[in-house]
Amino acid sequence: MVSPVGNAAIRDRLQSALRAADRAGRLRREAAVLLSAVDPAGAAPAEAAAVVAFWQDLGLPGLVDIHTHFMPPNVLAKVWAFFEGGRGGVGRAWPIAYRLPEEERVALLRAFGVRRFSALLYPHKPGMAAWLNSWAAGFAARTPDALHSATFFAEPGAGAYVAEAIGAGARLFKAHLQVGAYDPRDETLDAVWGVLAEARVPVVVHCGSGPAPGRFTGPGPVSAVLARHPRLTMIVAHLGAPEYGEFLDLAERYPGVHLDTTMVFTGFMERLAPFPPALRPRLAAAAGRILLGSDFPNIPYPYLDQLEALARLDLGAAWLRAVCHDNAVRVLGL
Ligand SMILES: [Zn+2]
């Protein structure tokens, strides 16, 4: 039994503990503000100013980023743990530069002047895509500058829920052949590719064999899909890394094949899958087919790195304007 004196002592100790917790919270918030001013990877106003200067110098009204990720919080937490736990398949640390709450990530893209951005998400197993699509519809409804995005898996019913998502306003899909480990030629997907081609809704496909090959990555399996659905608008993620030349071949063969720049040409990616300088003239020739993508927020370096890496290619201001804005406006009908 606790005496009244004992109760008073406990109350005093609890109150002083609460005051200490308040002080700690205040210090943490102050530290976060200070950190954001000095750490380029930490939501820095200086980084936002540099990103804005980049597109203003090109005479653009802003950027369109075709490859950013927004997912249900529990799914995103797993993705971050996967990369930070060293399972990203790159054999080195992959710290998440923008590990922030959802509203801060959206605010940061707006501060960068990203006028429209995607909300790519993808399942790693059956029975998950329709649920992800319903979350994505909610995200699009509360985030008017986000492109309503959706996904699918090779499973019965995929054609029906993809058609349903398009009916609900989805204008961009994501297929991740490495994570999903399904065959894009699977018969359950034939209706999916058909519906996407018919509706002229683009699909971002991670089909390159980087950072680590999967059973169905590489140009072969998706080539068969394109042969069957030649009018499909397919945006090859990461410029098809590391099979850059083969995926540029596909873009040259099919008018609907595009490539996104996601992570390519950055110092981080150049160490993993260097872009061969000999292919640069083909990048220039494919100016109308290349779209800015960043992989925000799941990147181990500041957002600005992607833009500076594109500028370093030295393909000219017209090329940068097409890649960073105009191509996406055309492909997505913005
Ligand atoms: Zn991605």
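Because the structure is predicted, anything quoted here is derived from the model rather than measured. Every number for a ligand or one of its atoms is a count from 1 in the order of the listing. We use all heavy atoms of the structure for the numbers below, so side chains are in, but hydrogens, waters and symmetry mates are not.
- Sorted by first and then second residue, the salt bridge (Lys or Arg N to Asp or Glu O under 4.0 Å) pairs involving residues 216-242 (not counting sequence neighbours) are Asp190-Arg228.
- Remark: Phe216 engages no residue in a ring pair (Phe, Tyr, Trp, His ring centres under 6.0 Å) (not counting sequence neighbours).
- In this structure, the side chains of Leu172 and Val201 stay at 4.5 Å or more apart for every pair of heavy atoms.
- Neighbours of the Zn ion (ligand 1) restricted to protein N, O or S atoms under 2.8 Å: the count is 3.
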For residues 313-321, tabulate all N or O donor-acceptor pairs below 3.5 Å that involve a side-chain atom, not counting sequence neighbours.
from: Trp319; atom 1: NE1; to: Leu283; atom 2: O; distance (Å): 3.0
from: Arg321; atom 1: NH1; to: Leu58; atom 2: O; distance (Å): 3.0

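- Taking hydrophobic clusters as Ile, Leu, Val, Met, Phe, Trp and Tyr residues chained together by side-chain heavy-atom distances below 4.5 Å, Ile290 shares a cluster with Leu279.
- Put simply, CG on Leu239 and NE2 on His258 are 12.5 Å apart, with the number rounded to the nearest 0.5 Å.
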